[in-house]
Amino acid sequence: MEYVQSPQRKQKIMLRQKYFKRNGGLLLQQHLSSNEGNVEKIKLFTSKEMEKATDYYNENRILGQGGQGTVYKGMLIDGSIVAIKKSKMVEGKKFDEKKVEQFINEVIILSQINHRNVVKLLGCCLEAEVPLLVYEFIPNGTLYDLIHNQNEELSLTWEMRLRIAIEIANALFYLLSAASAPIYHRDIKSSNILLDGKYRAKVSDFGTSRSVALEQTHLTTRVQGTFGYMDPEYFRSSQFTEKSDVYSFGVVLIELLTGQKPISVEQSEPVRSLVSYFLDSMQENSLFNILDPVVVKDGPEQEIIVVALLAKRCLNLIGKKRPTMKQVAMELEFIKASGGNVIGECGDEESEIDDMIQSWETNPSSSMSRTITTNSVTFPLNSSF
Ligand SMILES: Nc1ncnc2c1ncn2[C@@H]1O[C@H](COP(=O)(O)OP(=O)(O)OP(=O)(O)O)[C@@H](O)[C@H]1O
């Protein structure tokens, strides 16, 4: 017997095909055939599966909302818990092509990555009205919330801060080195760092990231990123470099040190940038006055100082003078392993550490007057690891 499709069914199939095309399905296939990424690992979900997983995009399932869309908590048929990002493609009546590109970009980038500190993309759905991305579910919120909305139940100890900084640095170094071409994240900020069940960092949100292979010139027509984290050199020149992610990482590092937001907009005060506040304090040897009280309480002083000096180097206005991501990752590991008993081989750093130690040994305030261990090891600050 010949199977005849009902007109409604035919219409549904055609609509799904239309959405697939509009959502960049062909663009993705193109990348697939040119062998970029490892897209066969990415599962294509049906729109039915997505509806079931999110209980028809129930408002109660919303985890958060970003520039690119809404993120829902969902459960797949096999029982696994996932985060589903529904892209914001339709502005008024116009379908935003730029967002399709960002969406496909995220799929291609994330399909090449397998690192414990980068959020895993499980698949996507292109046949729904707007495209959807399916990620592993990361249960403990963002680093931004952990730093800025601290609760009494969980204190973000110095040990956790240093470990999280190392994990982010390792992930960023991995992005530059592990895939077929270096990947720049381009929007590093604490709200793009998710925390798993053990409060391990997972770098997320690759919508604006770029593989150097995809964009050989590094020149973009539109400067993208987040105010407060953006490399000033990139802002001026539109030239994004490996060192631009290093700058944004430096901002996250000082957020961890001070517990303060990159841009503070207190109504009574003028807008203040954390970077200049931090750099001024370093200049005036008053770092310990601006640290998060938790850091002052439980962080070893020398460890805090060398991390602050590293942050200062990451925030250098001249990109070339910033350390590489590899240096940053290795120095942080070294600081942790040596318990902060490190002395820079390069003269400037060493004298700066000495200055700081002296400054609060002669000026001890209650929080600063702890003994500093002297059994230092040599720290190859300037060597190319
Ligand atoms: N894999 C995930 N697991 C759990 N929650 C997630 C996951 N991905 C995102 N979220 C939640 O959804 C929120 C929005 O994420 P999204 O990446 O879309 O936006 P954003 O980073 O906040 O903003 P923007 O895209 O404008 O930079 C996050 O802040 C987080 O709370």
Side-chain angles (χ1 to χ4, degrees), residues 42-43 45 50 53-54 57-76 80-91 96 98-107 109-111 113-125 130-149 151 164 167-168 171-172 175 184-210 222-231 240 244-245 248-249 251-252 255 261-263:
I42 299 291
K43 188 173 165 5
F45 290 93
M50 296 291 89
T54 57
Y57 307 105
N58 192 324
E59 274 189 12
N60 301 334
R61 299 285 190 92
I62 294 180
L63 290 168
Q65 236 142 1
Q68 274 181 283
T70 308
V71 182
Y72 296 83
K73 186 174 180 177
M75 192 202 269
L76 299 179
S80 50
I81 308 290
V82 290
I84 298 176
K85 189 191 270 184
K86 189 177 184 202
S87 313
K88 202 193 304 168
M89 295 287 171
V90 192
E91 300 281 2
D96 191 340
K98 184 94 204 145
K99 291 227 169 74
V100 176
E101 264 172 50
Q102 279 190 359
F103 170 84
I104 296 299
N105 181 61
E106 181 152 2
V107 178
I109 297 278
L110 279 178
S111 67
I113 296 170
N114 183 13
H115 190 272
R116 63 182 176 281
N117 299 117
V118 177
V119 72
K120 243 183 211 67
L121 180 70
L122 304 175
C124 61
C125 171
V130 293
L132 301 146
L133 290 171
V134 183
Y135 308 89
E136 60 173 332
F137 175 70
I138 313 293
N140 275 325
T142 68
L143 180 61
Y144 181 91
D145 285 333
L146 192 64
I147 297 175
H148 305 295
N149 306 322
N151 62 36
I164 288 171
E167 288 166 347
I168 305 168
L172 294 180
L175 290 177
Y184 302 153
H185 185 284
R186 303 179 21 136
D187 198 13
I188 287 299
K189 55 180 172 178
S190 56
S191 63
N192 278 341
I193 310 297
L194 301 176
L195 297 155
D196 75 2
K198 293 182 173 164
Y199 288 90
R200 280 179 306 220
K202 301 267 187 182
V203 177
S204 80
D205 205 354
F206 284 74
T208 49
S209 60
R210 283 284 181 276
R222 194 153 63 105
V223 172
Q224 290 185 39
T226 302
F227 193 47
Y229 293 90
M230 198 189 282
D231 170 13
F240 196 94
S244 307
D245 274 345
S248 308
F249 175 80
V251 180
V252 174
E255 248 180 296
K261 295 178 185 168
I263 300 288

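All values below come from the heavy atoms of this structure, side chains included, with hydrogens, waters and symmetry mates left out. Each ligand, and each atom within it, is numbered from 1 in the order the structure gives.
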>> Testing the basics here: between Ile81 and Phe137, what is the closest heavy-atom pair and its distance to 0.1 Å?
In response: O-CB, 3.5 Å
> Is any NZ, NE, NH1 or NH2 atom of the basic residue among Glu255 and Lys189 found under 4.0 Å from an Asp or Glu carboxylate oxygen of the other?
Replying inline: no
>> Looking at every heavy atom in both Gly228 and Pro262, which two are closest together, and how far apart are they?
In response: O-CB, 3.8 Å
> Which heavy-atom pair separates Asp196 from Pro139 by the least distance, and what is that distance?
Replying inline: CA-CD, 3.8 Å
> By side chain to side chain donor-acceptor pair (under 3.5 Å), which residues pair with Thr54, not counting sequence neighbours?
Replying inline: none
Are any protein N/O atoms closer than 3.5 Å to the N/O atoms of ligand 1? If there are, list each pair with names and the distance to one decimal place.
| residue | atom | partner | partner atom | Å |
| --- | --- | --- | --- | --- |
| ligand 1 | 1 (N) | Glu136 | O | 2.9 |
| ligand 1 | 3 (N) | Ile138 | N | 2.9 |
| ligand 1 | 17 (O) | Asp205 | OD2 | 3.4 |
| ligand 1 | 21 (O) | Asn192 | OD1 | 2.5 |
| ligand 1 | 21 (O) | Asp205 | OD2 | 3.0 |
| ligand 1 | 25 (O) | Gly67 | N | 3.4 |
| ligand 1 | 25 (O) | Asp205 | OD2 | 2.8 |
| ligand 1 | 26 (O) | Gly67 | N | 2.6 |
| ligand 1 | 27 (O) | Lys189 | NZ | 3.1 |
| ligand 1 | 27 (O) | Asp205 | OD2 | 3.0 |

>> Treating Ser248 as the side-chain partner and Met230 as the backbone partner, does any N or O pair qualify as donor plus acceptor under 3.5 Å?
In response: no
